[in-house]
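First comes the structure, then the notes that go with it.
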Amino acid sequence: MSKSIPTREENYSEWYNEIVKRADLAEHSAVRGCMVIKPYGFAIWEKMQRALDDMFKATGHQNAYFPLFVPKSYLELEEEHAEGFAKECAVVTHYRLKSNPDGKGLIVDENAELEEPLVVRPTSETVIWNSYKNWIQSWRDLPVLINQWANVVRWEMRTRLFLRTSEFLWQEGHTAHATEQEAVEETEQMLRVYADFVENWMAVPVLQGLKTASERFAGAEETYCIEALMQDGKALQAGTSHFLGQNFAKSFDVKFVNKNNEQEYPWATSWGVSTRLMGALIMAHSDDKGLVLPPKLAPIQVVIVPIFRSEEDLAKINEKIEPITNALAEKGISFKVDDDDKYKPGYKFAEYELKGVPVRLAIGLRDLENGTVEVARRDTLSKETMPLDGVADHIESLMSEIQTSLYDRAQAFQKANTTSVETWDEFKAAIEKGGFVVAHWDGTDETETKIKEETKATIRLIPLNSAEMMGKCVYSGNDSPRQVVFARAY
RNA sequence: CGGGGUGUAGCGCAGCCUGGUAGCGCGCACCGUUCGGGACGGUGAGGUCGGAGGUUCAAAUCCUCUCACCCCGACCA
């Protein structure tokens with residue numbers, strides 16, 4: 001194992017790949033486009049899941065589970081949805097193998113073809129609405145507020161660990177409401193939940209807004225999104241929340257009887273975030289020494305490295321460590337004492353920096369004499385020696401300080417890399433430089449496409465609640481009612 | 001799917017051009033000395049050379065096919 005990883009400056013994507021590998025987050029599997037999430041990486045995902053799940057429950061949702069397989073005929077029912085996902089579906093056509101009569105191994109049993117092919121879910125709107133048909137009859141059955149944690153498959157041409165894999169883990173919320181207004185409110189509420197999570201747990205600031213028609217989820221009336229800015233100046237869609245109108249209700253013939261005994265189609269939403277958030281987390285905070293994790297999502301918040309020569313030294317040091325770990329445990333702060341004698345302290349320091357552990361304590365014989373301990377912060381790489389007394393309290397406040405500091409740093413970066421432009425030349429220069437570019441757009445697909453072709457920049461979002469501000473489209477010069485946010489994106 | 005590249009020990013690589021007993025560094029195991037920013041010495045284990053087929057007395061090396069991964073594009077959370 002070489003000591004250093006490429007710097008962000010040298011090669012950003014290689015830096016990213018190395019962090020994922022070296023911090024033990026994930027690795028490529030033998031299956032094309034799929035990844036193995038390793039225990040340390042999965043521990044972070046589990047923390048994300050826990051926080052999000054609590055937030056979903058707090059907003060009245062319940063978890064359920066729907067099948068992995070979607071009958072092809074279901075997928076076909078909502079036309080735009082079908083068209084949007086058709087190109088990337090894995091399809092199951094047979095249900096049995098048999099031994100190869102011409103040699104060794106197994107072959108598909110041609111006598112075991114399914115009457116109807118099953119699609120491995122790229123998303124679950126269709127199976128779920130097929131169930132909702134039975135669940136929803138009266139206005140009293142509404143709203144239906146369901147979430148599921150699941151894996152989905154989208155057969156991607158080019159994959160990157162966490163950012164885009166053929167199979168990925170996510171949650172998908174699927175709700176049904178009696179009125180359009182209620183569904184829109186749900187859509188917006190869940191977007192705020194996502195923004196809250198990403199900002200307050202991941203310490204990554206996001207922009208919130210609406211997607212343009214071309215970027216909209218297949219089958220949605222409106223797609224809301226949160227967008228985060230990565231350190232290389234590219235945008236990353238971190239979560240989406242869709243207002244689905246009555247499209248799926250109509251396609252699956254789901255109706256309810258309202259208070260006036262009239263048949264109505266319910267209004268739908270769906271919303272999701274995925275293991276892609278892991279990519280956002282990595283790219284938002286990490287540095288050339290490795291991963292940097294916000295305390296709220298770090299599997300190990302504090303690592304304690306005793307510095308010792310003999311077993312006797314270690315025993316003496318452990319006497320001092322024990323009160324600290326007891327106090328940390330009481331405060332609910334996770335820790336690890338690494339007294340492995342195989343590696344030297346310097347090696348351990350580098351290793352835990354690579355893994356992004358927010359705080360490191362080092363304590364040796366010198367400290368025993370002085371009644372001190374060395375406290376190091378991963379985010380600033382700063383160290384201080386402080387008295388043993390009160391160190392747990394200090395760590396507790398460090399946790400929130402680091403959490404806040406990471407957010408502030410990311411927000412300052414976002415601010416510094418958001419440019420407002422008026423002219424096409426300014427626009428091209430700003431896109432080339434990277435970051436979010438705020439500009440007027442005439443609202444046409446044609447202009448959006450032209451801009452994408454010429455600069456590779458896409459409209460990341462139309463900011464929510466932005467005041468009308470007349471101007472001229474940066475590309476066409478036509479009238480534009482408001483500014484939108486452009487960027488090159490992942 | 002197009003263009004470029006890479007597959008040889010757990011990891012990183014040399015060897016291939018010019019066919020002839022498979023090597024180096026790191027890691028791993030054991031022993032000793034070390035231990036406050038990636039320690040050192042000694043001994044040792046570990047490889048159907050990505051896979052299949054072909055040429056040849058002989059293939060990591062030459063030929064064909066195939067699979068996987070990486071980088072750059074088109075598609076996408």
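Chain naming here is simple, since letters A, B, ... match the order of the sequence lines and numbering starts at 1 in each.
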Subject >> Charged tip of Arg460(A) within 45° of Phe436(A) ring normal and under 6.0 Å >> reply: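 Here Arg460(A) fails the 6.0 Å and 45° test against Phe436(A).
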Original post:
Mind checking what makes ring pair (Phe, Tyr, Trp, His ring centres under 6.0 Å) contact with Phe252(A), not counting sequence neighbours?
Top reply: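 Ring pair (Phe, Tyr, Trp, His ring centres under 6.0 Å) check on Phe252(A) returns nothing, list empty.
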Subject >> For U33(B), the Watson-Crick or wobble counterpart (both distances under 3.5 Å) >> reply: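 The base-pairing partner of U33(B), which may sit in any strand shown, is A39(B).
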Going by side-chain contact (heavy atoms from CB on, under 4.5 Å), name the residues that satisfy it together with [X], two or more places apart in sequence or in a different chain.
| X | answer |
| --- | --- |
| Ser251(A) | Leu77(A), Glu78(A) |
| Leu293(A) | Tyr40(A), Ile44(A), Leu281(A), Leu291(A), Ala298(A), Pro299(A) |
| Glu221(A) | Phe243(A), Asn247(A) |
| Thr159(A) | Glu156(A), Ser166(A) |

Report all side-chain donor-acceptor pairs from residues 119-126 of chain A shorter than 3.5 Å, counting only partners two or more places apart or in another chain.
from	atom 1	to	atom 2	distance (Å)
Arg121(A)	NE	Asn151(A)	O	2.7
Arg121(A)	NH1	Tyr65(A)	OH	3.4
Arg121(A)	NH1	Phe66(A)	O	2.8
Arg121(A)	NH1	Pro67(A)	O	3.1
Arg121(A)	NH2	Tyr65(A)	OH	2.7
Arg121(A)	NH2	Asn151(A)	O	3.2
Arg121(A)	NH2	Asn151(A)	OD1	2.7
Thr123(A)	OG1	Glu125(A)	OE1	2.6
Ser124(A)	OG	Gln148(A)	NE2	3.1
Ser124(A)	OG	Glu172(A)	OE1	3.4
Ser124(A)	OG	Glu172(A)	OE2	2.6
Glu125(A)	OE2	Ser270(A)	OG	2.7

Original post:
Given C11(B), is OP1 or OP2 found less than 4.0 Å from the side-chain N or O atoms of Lys21(A)?
Top reply: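 For Lys21(A), the contact criterion (side-chain N or O under 4.0 Å from OP1 or OP2 of C11(B)) is not met.
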Original post:
Does C28(B) have OP1 or OP2 sitting under 4.0 Å from an N or O in the side chain of Lys342(A)?
Top reply: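 For Lys342(A), the contact criterion (side-chain N or O under 4.0 Å from OP1 or OP2 of C28(B)) is met.
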Original post:
Got a sec, which pairs hit side-chain hydrogen bond (donor to acceptor under 3.5 Å, both in side chains) with one end in residues 233-243 of chain A, sequence neighbours left out?
Top reply: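 Sorted pair list: Lys211(A)-Gln237(A), Thr223(A)-His242(A), Thr240(A)-His242(A).
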Original post:
Looking only at N and O atoms, is any donor in the side chain of Lys289(A) or the base of G38(B) less than 3.5 Å from an acceptor on the other one?
Top reply: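 Looking at the base of G38(B), it does not pair with any donor or acceptor on the side chain of Lys289(A) (distance under 3.5 Å).
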Original post:
Looking at G37(B), does its base get a donor-acceptor pair with the side chain of Glu353(A) below 3.5 Å?
Top reply: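 Yes, the side chain and the base share a sub-3.5 Å donor-acceptor pair.
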Original post:
Of the residues in residues 236-245 of chain A, which ones touch RNA chain B at a heavy-atom distance under 4.0 Å?
Top reply: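 Within residues 236-245 of chain A, the residues near RNA chain B are Gln237(A).
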Output one line per pair: protein atom, nucleotide atom from nucleotides 68-75 of chain B, and distance, for all N/O pairs under 3.5 Å.
from	atom 1	to	atom 2	distance (Å)
A68(B)	OP2	Arg32(A)	NH2	3.3
C69(B)	OP1	Gly33(A)	N	3.1
C69(B)	O3'	His28(A)	NE2	3.4
C70(B)	OP1	His28(A)	NE2	2.4
C71(B)	OP1	Asn17(A)	ND2	2.9
C72(B)	OP2	Arg158(A)	NH2	2.4

Original post:
Closest nucleotide of RNA chain B for Thr165(A) versus for Arg360(A): which of these residues is on the 5' side?
Top reply: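 Going by which nucleotide is closer to the 5' end, it is Arg360(A).
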Original post:
Who are the salt bridge (Lys or Arg N to Asp or Glu O under 4.0 Å) partners of Asp338(A), not counting sequence neighbours?
Top reply: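 Testing Asp338(A) for salt bridge (Lys or Arg N to Asp or Glu O under 4.0 Å), a comparison that skips the adjacent residues, returns Lys348(A).
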Original post:
How would you list, by chain and number, every residue that makes a salt bridge (Lys or Arg N to Asp or Glu O under 4.0 Å) with Lys296(A), sequence neighbours excluded?
Top reply: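 Lys296(A): no salt bridge (Lys or Arg N to Asp or Glu O under 4.0 Å) contacts found.
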Original post:
Per the side-chain hydrogen bond (donor to acceptor under 3.5 Å, both in side chains) rule, which among Tyr16(A), Trp15(A), Tyr490(A) passes with Asp232(A)?
Top reply: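 Testing Asp232(A) for a side-chain hydrogen bond (donor to acceptor under 3.5 Å, both in side chains) against Tyr16(A), Trp15(A), Tyr490(A) leaves exactly one candidate, Tyr490(A).
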Can you tabulate the close N/O pairs, meaning under 3.5 Å, that link protein atoms to atoms of nucleotides 34-36 of chain B?
from	atom 1	to	atom 2	distance (Å)
C35(B)	OP2	Arg309(A)	NH1	3.3
C35(B)	N4	Arg309(A)	O	2.7
G36(B)	OP1	Lys344(A)	NZ	3.3
G36(B)	O6	Gly364(A)	N	3.3
G36(B)	O6	Gly364(A)	O	3.1
G36(B)	O6	Leu365(A)	N	3.1
G36(B)	O6	Arg366(A)	N	2.6
G36(B)	O6	Asp367(A)	N	2.9
G36(B)	O6	Asp367(A)	OD2	3.3
G36(B)	N1	Gly364(A)	N	3.4
G36(B)	N1	Asp367(A)	OD2	2.3
G36(B)	N2	Asp367(A)	OD2	3.1

